[in-house]
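Everything below concerns the one structure shown next.
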Amino acid sequence: MLEVFVTFFKLGLFTIGGGVAMIPILSNVMVKDKKWFTEDEMIDIIAICQGLPGVIAINMATYVGFKKRGLIGSFVATFGVILPSFVIIVIIAKGMNFIDGNPYVQGALGGLRAAALGLIIIAVYQVAKGVIKDAFSAIGAALSFILIAVLKINVVYIIVLFLALGIGRALLMKSSIDSRDCRKSVSDADERDYRDYQSSLNQRDEQSYTIGEDEQNKEGSDE
């Protein structure tokens with residue numbers, strides 16, 4: 001339990017740029033360092049947490065904590081990830097007047113924003129590398145980007161749309177697999193029937209041949 005808290009406390013303390021910027025760091029910790037999940041499982045976690053209401057960083061902490069240590073683990077992980085930002089924001093709020101007028105602080109914040117942008121770009125690359133594996137996912141990613149960025153359609157509608165498309169695609173694939181398996185079963189049954197038929201013919205021929213030989217032998221003995 002302490003390991004879960006410390007892990008997410010560090011993530012909350014050193015991740016700059018919001019929940020999306022946390023994705024590459026969280027992936028490295030969960031997949032490579034801790035080996036808690038595989039890369040495919042991590043992609044699924046990101047998709048689930050991104051599609052749910054709320055901040056993705058908190059959603060991911062809650063989800064991972066629950067998967068590792070149950071309900072208590074979800075509370076511990078969530079508390080660990082929000083505690084650093086809570087403390088830092090309180091401190092900053094108390095010294096806001098000093099921050100606003102200090103060029104050094106403003107310069108530091110500018111550097112942090114640039115670093116956050118880099119983290120977000122890395123997150124996009126890592127997620128895209130794991131998600132885009134076929135034509136459906138590639139077209140879906142491009143189409144959702146156009147609908148959101150160009151046509152300004154609400155993200156909620158996009159999520160619902162692609163949920164429906166994903167379910168429909170899964171049903172079509174299952175139907176295709178079932179149909180192929182059915183045809184294969186019929187083909188196997190036909191082949192099995194044909195072999196049985198050939199076997200019965202062979203047995204009949206052998207019986208006829210045996211009877212013929214017996215009759216010839218009998219005739220020879222009578223003579």
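Applying the salt bridge (Lys or Arg N to Asp or Glu O under 4.0 Å) test to pairs two or more places apart or on separate chains, none has a residue in residues 51-67.
In the hydrophobic cluster analysis, where Ile, Leu, Val, Met, Phe, Trp and Tyr join through side-chain heavy atoms closer than 4.5 angstrom, F8 is grouped together with V29. With hydrophobic clusters built from ILVMFWY side chains whose heavy atoms lie under 4.5 angstrom apart, V6 does not share a cluster with F66. Transitive grouping of hydrophobic side chains (ILVMFWY, heavy atoms separated by less than 4.5 Å) brings Y63 and L11 into a common cluster. Hydrophobic clustering (side-chain heavy atoms under 4.5 Å, transitive across Ile, Leu, Val, Met, Phe, Trp, Tyr) keeps V160 apart from F162. Hydrophobic clustering (ILVMFWY, side-chain heavy atoms < 4.5 Å, transitive): V64 and V31 are in one cluster.
Atom OG in S74 sits 12.5 Å away from atom CD1 in I58 (nearest 0.5 Å). Once rounded to the nearest 0.5 Å, the distance linking CZ of F86 with CD1 of I89 reads 10.5 Å. Atom CG of L172 sits about 12.0 Å away from atom CD1 of I167, to the nearest 0.5 Å. The line from CZ of F37 to NZ of K68 is 6.0 Å long, rounded to the nearest 0.5 Å.
Looking only at side-chain heavy atoms (C-beta outward), M60 and M42 come within less than 4.5 Å of each other. Side-chain contact between F9 and V81 is absent, with no heavy atoms from C-beta onward closer than 4.5 Å.
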Open item on the list: Is there a side chain to side chain donor-acceptor pair (under 3.5 Å) between T78 and T62? Walk through the geometry before answering.
Closed with: CA-CA 5 Å; T78 303; T62 305; 2.6 Å; yes
Open item on the list: With side-chain contact (heavy atoms from CB on, under 4.5 Å) as the criterion, how do W36 and V4 come out once you've worked through the C-alpha distance, each side chain's angles and the decisive distance to 0.1 Å?
Closed with: CA-CA 11 Å; W36 287 349; V4 172; 4.3 Å; yes
Taking only distance into account, with no hydrogens and no angle test, what donor-acceptor pairs under 3.5 Å do side-chain atoms of residues 135-156 form with protein atoms, sequence neighbours excluded?
from, atom 1, to, atom 2, distance (Å)
S137, OG, V131, O, 3.4
S137, OG, K133, N, 3.1
S137, OG, D134, N, 3.2
S137, OG, D134, O, 3.0
S137, OG, D134, OD1, 2.8
S144, OG, G140, O, 3.0
S144, OG, A141, O, 2.9
K152, NZ, A149, O, 3.1
N154, OD1, V156, N, 2.8

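Heavy atoms only, all atoms of each residue included: A61 and A77 are closest at O-CB, 3.2 Å.
Every residue two or more places apart in sequence or in another chain that forms a salt bridge (charged side-chain N to carboxylate O under 4.0 Å, His left out) with E3 is listed here: K34.
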